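In the text below, chain A, chain B and the rest are named by the order of the sequence lines, each starting its count at 1. Worth saying up front: this structure is predicted, and the values here are computed from it rather than measured.
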Number of protein chains: 4
Amino acid sequence: MRKRGRQEGDARTRILDAAEELFAADGYEATATARVARRAKVPKGLVFHYFPQKIDLLVALVEERTFIEVLPAESVEAMPGDPAGTLSRLARRFPLRASPAMRRILFREADTHRSVRDRLRSLNGEVLRRARGALEVALPGTRGDAARLEVAAATFTAVLLYQENLSQLTGEHIDPDAVADLIARALGT
Amino acid sequence: MRKRGRQEGDARTRILDAAEELFAADGYEATATARVARRAKVPKGLVFHYFPQKIDLLVALVEERTFIEVLPAESVEAMPGDPAGTLSRLARRFPLRASPAMRRILFREADTHRSVRDRLRSLNGEVLRRARGALEVALPGTRGDAARLEVAAATFTAVLLYQENLSQLTGEHIDPDAVADLIARALGT
Amino acid sequence: MRKRGRQEGDARTRILDAAEELFAADGYEATATARVARRAKVPKGLVFHYFPQKIDLLVALVEERTFIEVLPAESVEAMPGDPAGTLSRLARRFPLRASPAMRRILFREADTHRSVRDRLRSLNGEVLRRARGALEVALPGTRGDAARLEVAAATFTAVLLYQENLSQLTGEHIDPDAVADLIARALGT
Amino acid sequence: MRKRGRQEGDARTRILDAAEELFAADGYEATATARVARRAKVPKGLVFHYFPQKIDLLVALVEERTFIEVLPAESVEAMPGDPAGTLSRLARRFPLRASPAMRRILFREADTHRSVRDRLRSLNGEVLRRARGALEVALPGTRGDAARLEVAAATFTAVLLYQENLSQLTGEHIDPDAVADLIARALGT
DNA sequence: TATGAATGAGTCTTCATTCAT
DNA sequence: TATGAATGAAGACTCATTCAT
């Protein structure tokens with residue numbers, strides 16, 4: 001992904017690093033591009049060289065720094081008859097690659113920036129798909145109707161994606177493993 | 001104390017109404033006080049007459065327009081032996097009084113404004129307390145250890161508080177009743 | 001000068017007191033009428049009841065709170081053959097009645113407000129006239145030509161009028177008595 | 001470091017020139033930054049590019065446009081046995097480099113702005129030091145005790161520094177040469 | 001590719017002043 | 001006389017963006 005050249009890309013990377021920190025801490029609107037430049041230790045003009053508009057910084061961050069890892073095989077973590085373990089493993093090998101800072105940005109700005117919201121939705125959809133898939137493998141047969149399984153997957157997805165934000169905002173911590181166990185019980189093993 | 005003039009209180013209320021709408025739609029930072037004034041149909045200066053600083057608008061909204069209703073008795077909704085019904089009733093008589101707009105504001109701005117975060121935390125704590133209390137009544141005896149009950153309460157609280165935001169951000173809807181049912185099953189009836 | 005009536009004038013006086021303090025401390029321009037009202041403990045509207053324009057506060061202060069006292073007879077302090085003592089007595093019975101605060105206002109605002117400057121000039125002229133007169137009495141005959149006497153009077157007047165401002169601005173104190181002595185020597189007793 | 005472009009330095013200098021004129025004429029508080037920009041013929045934003053806060057204009061003016069010239073040797077002007085001539089020469093080679101406009105600013109704003117007052121005090125101290133030094137050279141021996149010499153130096157310093165302000169405020173002119181002569185006589189030649 | 005001076009629209013905030021009561 | 005809500009022009013300051021070099 002990185003361009004060649006000695007210092008090439010360095011500046012661009014430093015700019016994105018700075019933007020990530022500042023957007024996460026203060027929000028996109030409250031962060032001046034001049035501050036980004038200062039923190040990145042590049043001249044103000046250079047920021048606009050790489051990112052002609054301020055919004056391009058946000059778009060680039062979301063595009064380049066949040067993604068769902070492509071895992072070799074989902075079945076790896078899914079184990080028939082062990083939904084709790086399956087969900088726990090999913091939580092541990094959680095496929096969303098995004099720094100805590102990027103997550104804050106993602107959730108905060110999704111509310112007002114469509115491009116961010118679209119990304120968040122696609123990430124959410126992907127995690128949900130995996131959780132559902134894992135549960136289907138873990139609970140073969142018809143035990144537990146489809147609707148319940150869907151609710152379980154959605155609930156677990158929400159906990160997985162939002163756990164950091166929830167604890168950040170509310171001060172309460174939710175342990176995904178414990179929720180996995182709860183959900184497994186609900187699905188009636 | 002207040003006079004009962006033609007437009008009594010109107011101005012201040014209209015200003016808060018306008019701020020609520022705009023902050024919810026575009027975010028606090030992206031909303032100019034001039035726009036608030038325009039939408040409220042008051043002159044710009046009057047906004048500052050009532051709210052000397054822009055931030056005071058946000059503080060006032062959070063203080064005056066989000067609160068947990070004091071219910072006569074929690075036992076009203078809690079019914080021994082029926083945790084699913086108990087949680088469903090809690091969801092339906094949900095004690096948080098805050099418009100959808102206020103909730104968006106609450107979650108969005110909590111990330112960067114301490115006073116909002118503090119409020120959100122206290123609201124969250126209160127809802128959690130009630131969910132826990134309801135479950136304790138619904139599940140008398142020692143069935144289900146305390147830790148599990150705690151996780152159940154926290155999960156349900158998160159779903160309750162965040163359901164609108166979740167669906168707004170992700171496009172997926174989570175039905176609190178279905179989650180209530182799920183959790184009830186998990187608690188092993 | 002004061003109007004009759006119970007609380008009558010009270011408010012007006014308190015307003016002027018407040019304005020005097022604040023204008024002296026921060027300058028006329030930097031003092032908001034609202035602050036004057038607050039310090040005077042009167043509602044904002046009342047300030048404009050008594051002083052329709054902000055500038056009227058300054059004009060009233062200067063007109064009512066700075067003046068040269070009319071002394072019974074100038075000769076009282078002048079004593080032939082004793083110019084030093086004469087000047088010293090003039091300094092001690094200094095006829096300008098104006099609080100230190102009013103003096104600061106006088107000098108500061110004279111620079112930009114014509115009405116204040118006019119007042120300061122007339123006060124200065126009066127003091128100069130007295131100093132000159134006193135010296136003429138103290139130094140009868142033709143000893144010391146008129147020009148020198150004029151310079152002496154002007155210098156002493158400047159020291160008298162400006163001593164507080166000088167020490168305020170420069171941190172150095174000038175003792176009028178010492179200057180009186182100096183000038184007396186210069187006039188060659 | 002600075003480029004030698006077409007208008008090199010011009011903008012900043014023009015801004016300071018404009019500020020000097022306007023502050024002197026109307027006072028710091030009564031001068032809007034927009035007026036400074038207009039008079040300097042630069043866009044409003046550029047004023048804040050060079051002087052992030054309005055007060056920085058005043059500080060820069062005082063720092064860059066008022067100073068005591070370093071003279072080769074004070075003895076040049078001091079001549080034993082000729083205090084009047086010595087003081088006159090001091091007045092003529094007066095070492096304070098500050099335009100009449102800057103002096104008005106200096107005296108006017110010293111009253112409310114500490115940084116200006118500090119500068120004025122240091123300038124005053126320096127002039128006083130020179131006057132004292134000159135008189136000590138001009139009056140060798142013990143003629144005239146130290147206290148009297150101090151008063152003479154202080155009086156002359158005040159006249160020197162304030163002459164323009166005095167005449168501006170009072171309409172009376174004081175001739176430093178005449179005061180020099182007066183003081184020389186006082187010191188008893 | 002790098003730089004920072006330049007630009008001007010827009011933001012929050014202040015404040016003298018008015019006016020209905 | 002007394003009161004404080006109402007008004008809007010003006011002020012300081014910010015900031016994304018441009019551009020000559």
Side-chain angles (χ1 to χ4, degrees), chain A residues 5-12 29-37 42-57, chain B residues 1-12 29-37 42-57, chain C residues 3 5-8 10-12 29-37 42-57, chain D residues 1-12 29-37 42-57:
Chain A
R6 192 146 59 92
Q7 288 270 335
E8 170 93 357
D10 245 49
R12 188 174 183 281
E29 291 288 348
T31 302
T33 51
R35 267 181 82 214
V36 174
V42 302
K44 205 171 15 164
L46 200 55
V47 172
F48 285 91
H49 178 73
Y50 288 112
F51 308 95
Q53 314 244 70
K54 184 187 176 187
I55 192 69
D56 296 330
L57 277 171
Chain B
M1 230 51 135
R2 305 266 167 70
K3 308 271 185 53
R4 276 284 149 195
R6 187 149 46 101
Q7 292 265 331
E8 142 61 4
D10 265 33
R12 188 174 184 280
E29 293 288 348
T31 302
T33 52
R35 271 181 76 215
V36 174
V42 301
K44 216 174 7 162
L46 198 56
V47 172
F48 289 92
H49 180 70
Y50 288 110
F51 307 96
Q53 316 242 58
K54 184 186 176 185
I55 191 69
D56 295 330
L57 276 171
Chain C
K3 310 261 189 56
R6 190 147 59 91
Q7 287 271 333
E8 169 94 357
D10 244 49
R12 188 175 184 282
E29 291 288 349
T31 302
T33 52
R35 267 181 81 212
V36 174
V42 301
K44 207 172 12 167
L46 201 54
V47 172
F48 286 91
H49 178 72
Y50 287 112
F51 308 95
Q53 314 244 71
K54 184 186 175 187
I55 191 68
D56 295 329
L57 276 171
Chain D
M1 230 49 138
R2 302 267 166 68
K3 306 271 184 54
R4 277 284 150 195
R6 188 146 47 99
Q7 293 265 330
E8 143 60 0
D10 264 33
R12 188 174 184 280
E29 292 289 347
T31 302
T33 51
R35 270 180 77 215
V36 174
V42 299
K44 215 174 8 159
L46 198 55
V47 173
F48 289 94
H49 179 71
Y50 289 110
F51 307 96
Q53 316 243 58
K54 184 185 176 186
I55 192 69
D56 295 329
L57 276 171

CG-CZ distance between A:D56 and A:F51, expressed to the nearest 0.5 angstrom: 8.0 Å

Nearest-angstrom distance from the residue atom CD of D:E29 to C1' of F:dA10: 14 Å

Nearest heavy-atom neighbours spanning A:Y50 and A:P52: O-CD, 3.5 Å

Worked check of side chain to side chain contact (heavy atoms under 4.5 Å, CB included) between D:V42 and D:D10: CA-CA 10 Å; D:V42 299; D:D10 264 33; over 6 Å; no

N or O in side chain of A:T33 less than 4.0 angstrom from F:dA16 OP1/OP2: yes

Of A:T31 and D:A32, the one whose closest DNA chain F nucleotide lies more 5': D:A32

Heavy-atom closest pair, residues D:E29 and D:K54: O-NZ, 3.7 Å

Rounded interatomic separation in angstrom, taking CG from B:D56 and P from E:dC12: 13 Å

Spacing of C:K44 atom NZ and C:L46 atom CG [to the nearest 0.5 Å]: 13.0 Å

Nucleotide-level pairing of DNA chain F, given in dot-bracket where Watson-Crick and G-U pairs need both distances under 3.5 Å and | marks other strands: .||||||||||||||||||||

Selection: residues 42-55 of chain D, any non-hydrogen atom under 4.0 Å of DNA chain E: D:P43, D:K44, D:G45, D:L46, D:H49, D:Y50

From C:R12 atom CZ to C:H49 atom NE2, the distance as rounded to the nearest 0.5 Å: 10.5 Å

